[in-house]
Amino acid sequence: METHVQDPGKLFHLPQTLVIPLFQRPYVWTEERQWTPLWEDVERLVDLRMTQAPSATHFLGAVVMQRHLRAMGFVSEYALIDGQQRLTTLQLLLNACSAAMRDLGHAAPANNLRKLTLHDEGLGIEGVDRLKVRHTNSDGVPFQEVMLASSPAEIDASDSPHLITSAYLFFYGRASAWLAEGTPEDSFQRSWALATTLMQGLEIVVISLDATEDSQSIFETLNARGTPLTQADLAKNLVFQRLEAEGSDIRRAYEQNWSLFDETFWTSEVRLGRFTISHVSLFLNHWLVARTGEEVRTPATFTRFKHWLTYENTGTVLDIVQDLHDRAVEYQRWIRAAQAKEGPVSTVELFFYRTLAADMRTVAPFALWLFDPANSVPPREAEAALTWFESWVIRRAILGLPSADVSRTVAHLITELKRSAPDAVALTVRDHLQRLDSPATYWPSDDELRRELHEVPIYRKLSRSRLRMVLEAIEDDARGYTSGQGAWSGSRVPRDTMNIEHILPRRWRQNWPVASEQEEIERDSRIHRLGNLTLLTTPLNSSLSNRAWSGAGGKREVLTRHDVLLVNRPLRDADGWDEESIDRRTGASIDALIRTWPAPDGHSIVPEARKGQSDAAWIDFRRIVAAGLVAPGTRLRPRGDRDVVAVVLADGRIEVDGVPFDSPSGSAAHVRGGSANGWTFWQLPDGQRLNALKNEYRKLVDEQRDRTRRGSGTED
């Protein structure tokens with residue numbers, strides 16, 4: 001067995017073919033977790049080699065290959081025992097960059113990279129055998145197609161391309177965009193810099209076995225034994241190597257600073273989307289984002305940390321270790337206070353509670369930067385900035401808007417704050433957030449909150465933790481915390497302990513009857529709205545929850561027995577609870593949320609992509625029938641030439657072939673024999689699609705909401 005470090009120029013320049021055996025798993029790397037971090041590392045390395053350190057390198061990992069006894073002509077053949085994902089991706093990257101350079105007319109650097117993916121024709125090899133990495137499993141065909149294509153335009157990018165195809169096109173697109181920056185002369189220089197970096201700047205540990213060695217035991221040792229190192233483990237090893245090189249007292253540095261991260265709080269796993277990560281690794285990522293003002297994906301934390309520590313840090317490594325410790329102590333205090341069920345909380349501790357309840361951990365770097373003493377932001381200024389930022393985060397969370405771009409927005413905001421005066425931070429945050437105008441990042445206005453939350457079945461739309469946090473905020477508003485009078489009304493409501501209860505019960509039909517099917521539809525539509533939900537100290541069993549409103553032992557009396565909240569006090573004096581009551585309470589609750597998470601005066605941005613397309617997923621066909629927008633007995637016809645008719649029933653269902661369906665899509669799926677969007681499938685007698693009725697229903701709802709607000713005296 002031989003082990004040595006090679007760059008792609010050395011590894012792939014040799015006349016040898018690396019064969020991926022049939023038993024190796026298929027290609028599984030993806031854009032989010034591997035391709036994007038790899039490209040960002042390459043970009044950063046190229047820039048570094050062009051400006052500061054021409055010999056800088058980036059470690060890609062290890063591969064294991066075993067020589068076959070046979071060879072093909074002048075070309076040796078090796079089985080790739082481990083590292084097939086890494087080398088497959090590297091080959092796709094090299095080929096994609098070569099194609100991007102060739103398209104710009106930069107033949108020389110393009111050809112240099114091309115030689116790393118294909119054997120020279122002079123060796124007497126043709127077709128698929130020219131590939132320097134060859135797949136014998138199911139990845140073989142797509143890999144051959146992209147690697148042997150004369151142009152990316154030849155590649156079939158269908159609706160569901162193979163991951164290998166997607167990876168190649170991803171790298172081609174990113175390389176083309178990067179190379180095209182600046183003048184033609186700049187572009188040519190970039191091509192050479194990129195080619196040189198890919199050939200000489202990437203390092204791979206190559207473990208080479210001869211044909212007689214036991215490759216399986218080596219593979220098991222590398223992959224199956226022991227616990228994989230976390231991002232924080234890798235950072236720790238690097239830091240203490242550098243501390244030793246500095247001549248620092250390593251034992252003292254560990255005992256006074258790093259030993260904190262060996263405590264249970266830091267070694268425990270936390271969930272981040274679909275994945276889990278150690279708390280210390282997550283904190284290191286947050287700290288790094290706050291330091292760099294860059295979005296750093298969690299799998300790339302160590303790589304970015306190493307680059308920053310090596311080339312960007314201007315202090316000593318001991319300074320960094322001390323700063324990590326100090327910031328971690330404060331961060332830990334915030335998290336523990338946020339997890340406390342009762343008692344006073346500071347502005348930043350409440351921010352952490354609410355964002356954790358909303359499952360928005362990626363916002364933590366903003367708070368780390370804002371309250372870092374090194375940034376000299378006055379405490380009141382920091383709290384004011386955090387208030388604007390929390391409003392942006394929570395308003396989007398309440399409406400269920402996409403959160404994929406939150407981490408990128410946080411990074412951009414930190415970058416802008418670094419250029420801001422410490423006493424202008426709040427204004428900078430407010431103005432930056434107010435300028436955002438894409439559907440993925442904009443700050444929802446008061447009008448949008450009122451419009452969306454008035455009708456939406458929020459109980460179904462939000463997670464229990466997110467909804468509970470929202471209801472707690474409404475109670476805290478009633479206790480005076482948004483008006484600044486909280487000190488006079490006792491403590492905040494207990495956090496993350498109370499039970500969510502429907503005032504009008506979900507099973508209302510036995511004790512809350514109405515006279516008609518249309519009234520049933522109207523009642524059902526309000527069950528899960530904000531105004532019909534409250535918090536109680538103990539859960540009600542079904543017999544108590546479903547009781548009639550008034551009388552001895554009624555729902556009103558039961559609520560009173562289990563109630564300690566100010567927002568529930570008006571229920572004690574209510575003679576009845578109906579649709580109008582729910583509408584009024586919904587409006588009042590929305591007003592409380594707007595006070596809790598305010599937007600700037602006059603803020604009214606609506607992204608172009610959302611104009612006229614507000615969320616209408618909560619509108620079901622039964623409501624449209626109940627509102628009289630389509631009459632029972634109306635005959636619907638499908639798009640196309642299908643000879644079938646559907647009939648609208650009085651209860652809002654749609655009957656096809658004598659079978660009633662609860663939704664347009666259910667009935668459309670029956671006709672098509674597969675899934676279908678019934679709102680666009682069915683047509684009204686005048687030729688309009690059912691989807692057109694949603695806008696008409698929305699207008700009726702807006703008019704009703706305005707009448708309710710005027711009647712309750714809550715209009716601005």
Strictly below 4.0 Å, N to O, side chains only: are R468 and E472 in salt-bridge contact?
no
Determine, for R44 against D47, whether the closest basic-nitrogen to carboxylate-oxygen distance falls under 4.0 angstrom.
no
How about E312: does its CD atom have over 12 heavy atoms from other parts shown lying under 6.0 Å from it?
yes
Do W392 and F389 have their ring centres less than 6.0 Å from each other?
yes
Salt-bridge criterion met for R622 and D662 (N-O under 4.0 Å)
no
Taking the side chain as C-beta and beyond, is there a heavy-atom pair between T230 and I277 under 4.5 Å?
no
Do R492 and E475 sit within salt-bridge range, that is, some charged N less than 4.0 Å from a carboxylate O?
no
How many angstroms lie between atom CG of D446 and atom CG of D591, to the nearest 0.5 angstrom?
9.0 Å
Between the side chains of Y442 and Q434, does any donor sit under 3.5 Å from an acceptor?
no
When you check the gap from the basic side-chain N to the acidic O, do R380 and E383 get nearer than 4.0 Å?
no
Any luck finding a side-chain donor-acceptor pair between T428 and S420 under 3.5 Å?
yes
Is the distance between the ring centroids of Y331 and H279 under 6.0 Å?
yes
Judged by modelled atom types alone, do T586 and S589 share a side-chain donor-acceptor pair under 3.5 Å?
no
Examine R689 relative to F681 and say whether NZ or CZ is less than 6.0 Å from the centre of the six-membered ring and inside a 45° cone about the ring axis.
no
Quick check, are the ring centers of H412 and H432 under 6.0 angstrom apart?
no
Examine the side chains of Q332 and W266 and answer whether a donor and an acceptor come within less than 3.5 Å of each other.
yes
Rounded to the nearest 0.5 Å, how far apart are CG of L436 and OG1 of T441?
4.5 Å
Salt bridge (Lys or Arg N to Asp or Glu O under 4.0 Å) contacts in which one or both residues fall within residues 342-369, not counting sequence neighbours:
R354-E390
Would you call D476 and R595 a salt bridge, taking side-chain N to carboxylate O under 4.0 Å as the test?
no
Nearest heavy-atom neighbours spanning F351 and V363
CZ-CG2, 3.6 Å
In terms of ring plane angle, is the pair W443 and H603 parallel, tilted or perpendicular, where the classes change at 30° and 60°?
tilted
Find the distance between OG1 (T347) and CZ (F352) and round it off to the nearest 0.5 Å.
12.5 Å
Once rounded to the nearest 0.5 Å, what's the spacing between atom CZ of R495 and atom OH of Y353?
7.5 Å
D496 and salt bridge (Lys or Arg N to Asp or Glu O under 4.0 Å): which partner among R464, R466, K341?
K341
On the ring face of Y459, is R529 found with NZ or CZ under 6.0 Å from the centre and within 45° of the axis?
no
Tell me if a side-chain donor or acceptor on T276 pairs with a main-chain N or O of L272 at a distance below 3.5 Å.
no
Just by distance, no angles: are the side chains of N285 and T298 close enough, under 3.5 Å, to form a donor-acceptor pair?
no
Between T596 and D477, do the side chains contain a donor N or O and an acceptor N or O under 3.5 Å apart?
no
Any residue meeting ring pair (Phe, Tyr, Trp, His ring centres under 6.0 Å) with F275, in chain and number order, not counting sequence neighbours:
none
Under 4.0 Å between a side-chain nitrogen and a carboxylate oxygen: does that hold for D583 and R526?
yes
E295 and R304 ion-paired at < 4.0 Å
no
